[in-house]
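Counting convention: from 1, in listed order, for ligands and their atoms alike. Heads up: numbering here begins at 1 and tracks the sequence.
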Amino acid sequence: MEEHIIVTDMDGNTHTIPALEGWRIMEIIKDAGLPIRADCGGACCCATCHVYVDEGWRGKLVSANEDEVDMLDEAMGVDEDASRLSCQILYTPELRGLQVTLAPGTRD
Ligand code: FES
């Protein structure tokens, strides 16, 4: 597969799903039919798109801005090193194979 990311759901199942440049990671996960609430639609005001980024990928992402950090304070099960809001990460080819795990609070 060309552009793609790898997502582990809350049941521990791993899915390799196609990705499109310029899409938010949240949109890519949702478009693949995986359970992610993303209640605010990507406006950085719900934290229901919370994911844990695999250790090897953390340094390759643009850092979280202040709004994202503030919103992450509201999320469940935050891991300071791994937690990000997936609506605040845009997919680029440099992120091909990005591995994330859906966090608690992302599904009903
Ligand atoms: Fe609401 Fe990401 S979709 S903060």
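Nearest approach of L102 to V7, heavy atoms of both residues: CG-CG1, 4.0 Å.
Partners of D81 by salt bridge (charged side-chain N to carboxylate O under 4.0 Å, His left out), not counting sequence neighbours: none found.
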Distance-only donor-acceptor pairs under 3.5 Å for side chains of residues 36-47, two or more places apart:
from: R37; atom 1: NE; to: D39; atom 2: OD1; distance (Å): 3.4
from: R37; atom 1: NE; to: D39; atom 2: OD2; distance (Å): 3.2
from: R37; atom 1: NE; to: D108; atom 2: OD1; distance (Å): 3.4
from: R37; atom 1: NH2; to: D39; atom 2: OD2; distance (Å): 2.4

### Task
Step by step, work out the side-chain contact (heavy atoms from CB on, under 4.5 Å) result for T106 and D9.
CA-CA 10 Å; T106 52; D9 63 28; over 6 Å; no

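Q99 is not listed as a side-chain neighbour of I5, based on a closest heavy-atom distance of 4.5 Å or more.
Listed by chain and number, the protein atoms of type N/O/S under 2.8 Å from atom 1 (Fe) of ligand 1 are C40 SG, C46 SG; waters are omitted.
Through chains of ILVMFWY side-chain contacts below 4.5 Å, L72 is grouped with M71, L85.
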